[in-house]
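Just so we're on the same page: letters track the sequence lines, and every chain starts at 1.
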Amino acid sequence: MPLASTEALLADLNDAQRAAVMHREGPAMIIAGAGSGKTRVLTYRLAYLIREGVCDAFDLLALTFTNKAAREMRERIEALIGAEARNISMGTFHSVFARLLRREADKIGFTPAFTIYDEEDAVSLIRSIVKELGKDEKRYKPKSIKHAISNCKNYLVGPAEYAAQHAHDEFGQLTAQVYALYQDRLLKANAMDFDDLLVNMVKLFDAAPEVLYRYQHRYRFILVDEYQDTNYAQYVITKRLARQHENICVVGDDAQSIYSFRGANLDNILHFNKDFPDVKVYKLEQNYRSTGTIVEAANEVIRHNANQIPKRVFTENGAGDLIVLHRSTSEVEEAEKCVDTLRELKATQGLLNRDFAFLYRTNAQSRVLEDALRRAGIVYKVFGGLSFYRRKEIKDVVAYLRLAVNPNDEEALKRVINYPIRGIGATSVERILEISRTQNLALWDVVTQAKALGVGRSAGAVEEFGQLIETLCSLARSENAYEVVSHAAKASGILQDLHKEKSVEGRSRWENVQELINASREYVDDPATEDPGLESFLAQIALYSDLDEKVENDDYVTLMTIHAAKGLEFPAVFVTGLEEGLFPSSLSMYDRHDLEEERRLFYVAVTRARQFLTLSYARTRLRFGTPVTADPSRFIEEIDPRFFQTPTGRRAQQPPRFESARTSHLRPLAPAAAAQPELLPTVPEREPFEGDDPATFAVGQRVEHNRFGIGLIVELEGKGAGLRAVVDFKDKGRKTLILKYARLRVVR
DNA sequence: ACGATTTAGATTTTT
DNA sequence: TCTAAATCGT
């Protein structure tokens with residue numbers, strides 16, 4: 001493919017975009033509104049710098065937040081300037097820093113083979129430590145402690161400093177103690193958690209100024225994407241790296257900052273000019289993605305936030321369709337209504353499955369939507385649940401691999417020393433850890449000399465396990481990742497163990513392990529792979545998420561959380577579960593800053609849509625298995641009713657007054673039965689009725705239900721909104737009904 | 001030491 | 001409702 005000339009490149013841009021692309025030296029901040037062509041500006045800018053000889057590809061460091069963003073950027077730059085693009089250092093903060101830390105590991109007491117602990121590993125290690133301290137883990141929840149430690153690390157606060165800050169707080173004191181021990185254990189296990197990949201960068205810079213100096217000169221130009229999502233640690237690292245040349249360009253949108261729960265600090269972008277007073281600010285305000293209606297509605301929403309950089313996002317696109325609002329009594333009905341709208345859009349607009357996305361606040365909400373889509377025979381794919389590499393069976397095999405590279409990996413050892421079962425119980429494992437701790441021996445030494453060190457009855461089995469790992473270690477030294485993975489899966493006995501299971505789940509677990517072997521094969525065979533060894537394969541999958549699994553070209557409806565949808569766009573978007581307490585979440589409703597973040601999240605959701613937007617809520621939905629009633633989200637009210645197809649209040653009774661032939665959503669939606677009339681003969685139904693006040697019910701009362709008919713109340717339980725009745729129906733038997741929405745009528 | 005059963009807690013969001 | 005950890009019984 002011929003590469004575009006610089007002139008052609010610049011001709012592709014509007015004035016604001018072009019100015020940002022042509023910014024040469026010195027600090028720059030690009031505020032890129034939703035849909036304003038941010039990625040284009042980013043990629044064009046990098047291409048421009050290289051083309052114009054302002055810098056070399058090797059001088060560039062481009063940091064993103066997700067692997068997906070990094071991959072996309074790389075592909076698009078390659079399309080512009082060809083293979084030269086591969087020389088840019090580009091990736092997520094975590095992956096770029098992990099690579100760098102591997103190179104310099106010895107300077108901070110690690111080896112290049114260090115393991116990256118995921119959340120599960122980290123919490124598990126903290127749980128061990130809490131137990132070893134003899135503390136009650138009900139009172140001091142490992143997860144809470146992990147969270148506190150993570151916060152510390154985001155702000156580069158060490159255990160001692162934290163202890164001093166929380167001198168009079170019991171939880172704080174314990175956390176500080178655990179924090180210190182946790183870091184000891186990580187170091188001993190040659191492991192880092194996600195946060196350490198940042199913290200240790202700072203430690204590296206402090207411990208070895210010459211390394212900092214080297215990278216400062218290596219990376220003359222630094223680009224940071226999604227700057228609004230960076231935390232303090234990331235801020236410090238990039239600032240220090242950029243100090244020599246000050247060629248730092250940050251790109252972001254304060255209105256799309258949705259990660260403060262992970263330490264993202266909006267101040268980084270709001271106060272960027274304090275650190276770099278001569279910063280040049282570029283604002284990209286023209287939206288190319290969405291219809292006028294969607295852009296305006298989004299603006300109205302975000303206007304309710306006090307804390308933001310003033311900007312005016314506008315579009316020259318037409319007004320387009322109005323927003324559809326579905327009001328449902330239950331989450332099941334909500335899903336059905338949305339699926340109906342989806343079918344209608346498919347039929348009238350010629351859209352494909354891949355043009356649709358269902359977005360929601362929490363992963364748990366996907367289930368009903370999946371059910372409805374499955375019933376309608378629509379292909380969908382859920383992103384977000386647990387990713388492939390987080391599945392139990394995969395983590396088990398990976399644990400063996402981790403040990404092959406780093407036999408001191410405590411969490412991997414604990415995970416598989418007795419899986420498949422080889423008679424090494426919890427007591428023996430604790431004994432091993434205790435010996436390692438008290439005699440200050442490496443975990444691996446205790447394993448290999450279990451008998452001599454007095455591990456106990458299972459010492460023989462432990463040493464045998466050690467030999468198994470030893471075999472894998474030597475294999476890893478000479479063979480590529482695929483060879484080690486396939487051998488480990490067999491030699492560990494995992495494949496055999498899974499093969500024994502006859503259940504459907506067991507079968508799929510076995511297949512998953514095969515899939516992991518395939519993945520390692522592909523990794524080894526991929527020409528883009530620089531190092532086919534196990535170590536780099538592991539390094540890659542440690543920072544992998546399921547978002548990276550998206551297969552293009554397949555025609556499926558996308559289901560994902562709004563967080564996961566950031567950076568994506570779809571012709572038609574459904575935002576579901578717009579209820580107080582769910583979105584905004586009850587955990588974020590009572591604090592101004594949290595609420596503003598929820599609102600930004602809603603802003604992100606709305607601005608994913610190009611043409612068609614549907615918002616919906618359910619009056620009551622099952623949460624943790626019990627029905628919860630909620631009011632519609634305040635965010636709905638923050639959009640002027642004129643943007644909605646149905647007037648706020650109830651469904652329109654009359655055809656819409658809009659001229660456009662496209663505004664056809666108001667056509668009475670076909671009932672589900674219409675799709676397969678021959679299968680579902682219409683039963684003449686009684687006139688449906690609203691229920692009587694639950695307060696008037698009593699045991700022994702005769703009642704009528706819309707579907708179940710006449711019955712007798714035999715029991716009443718619960719109170720308030722949770723009031724339930726056990727009713728004995730004449731033809732349908734006993735049912736337990738939630739009165740709040742069962743709509744029972746007293747029969748006299 | 002291990003499997004079966006019970007129970008508690010989780011639902012924000014992710015590198 | 002679903003999962004993971006705790007407890008129990010063998």
Can you tell me if [X] touches the phosphate of [N], counting only side-chain N or O atoms and a distance under 4.0 Å to OP1 or OP2?
X	N	result
A:Arg367	C:dC2	yes
A:Thr561	B:dT14	yes
A:Thr427	B:dA1	yes
A:Asn363	B:dT13	yes
A:Ser150	B:dT15	no

Would you mind classifying the nucleic acid contact of [X] as base, sugar-phosphate or nothing, using non-hydrogen atoms under 4.0 angstrom?
X	answer
A:Asn418	sugar-phosphate
A:Lys566	nothing
A:Thr64	nothing
A:Ser586	nothing
A:Phe583	nothing

Is A:Phe65 stacked on the base of B:dT15, with ring centres under 5.5 Å apart and planes under 30° apart?
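A stacking contact does not exist, since A:Phe65 is not both close and nearly parallel to the base ring of B:dT15.
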Check: [Y] main-chain N/O paired with [X] side-chain donor or acceptor under 3.5 Å:
X	Y	answer
A:Gln308	A:Asp254	no
A:Glu463	A:Lys451	yes
A:Ser458	A:Gly423	no
A:Asn418	A:Ala426	no

Pairing partner of C:dC2 (Watson-Crick or G-U wobble, both distances under 3.5 Å):
B:dG9
So, applying ring-ring contact (aromatic ring centres under 6.0 Å, His included) with A:Phe261, which one of A:His593, A:His563, A:His147 is it?
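Result: among A:His593, A:His563, A:His147, A:His563 is the only option passing the ring-ring contact (aromatic ring centres under 6.0 Å, His included) with A:Phe261.
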What's the [atom1]-[atom2] distance between [X] and [N], to the nearest Å?
X	N	atom1	atom2	answer
A:Asp121	C:dA4	CG	P	14 Å
A:Glu370	C:dC2	CD	P	12 Å
A:Lys138	B:dA8	NZ	C1'	8 Å
A:Glu226	B:dT15	CD	C1'	13 Å
A:Glu120	B:dT14	CD	P	16 Å
A:Leu582	B:dT11	CG	C1'	9 Å
A:Glu119	C:dA4	CD	P	15 Å
A:Asn154	B:dT14	CG	C1'	12 Å

Could you work out the separation of C:dA4 and B:dT13 based on their P atoms and round it to a whole Å?
15 Å
Checking contacts here: which listed nucleotide ([options]) is nearest the side-chain heavy atoms of [X]?
X	options	value
A:His563	C:dA5, B:dT15, B:dT13	B:dT13
A:Arg127	C:dA5, B:dT15, B:dT13	C:dA5
A:Ile421	B:dT11, B:dT14, B:dG3	B:dG3
A:Arg623	B:dT11, C:dA6, B:dT14	B:dT11
A:Lys143	C:dA5, B:dA10, B:dT11	B:dT11
A:Ser428	B:dA1, C:dT1, B:dT13	B:dA1

Report the residue (A:Phe93 or A:Ser458) whose heavy-atom-nearest nucleotide on DNA chain B is the more 5′ of the two.
A:Ser458
Basic-acidic side-chain contact under 4.0 Å: A:Arg402, A:Asp121
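Salt bridge present between A:Arg402 and A:Asp121.
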Ring of A:Tyr259, cation from A:Lys566 - is the NZ or CZ under 6.0 Å from the centre and inside 45° of the axis?
no
Decide yes or no, distance alone: a donor-acceptor N/O pair under 3.5 angstrom between the base of B:dT13 and the side-chain of A:Arg262.
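A donor-acceptor contact between them is absent.
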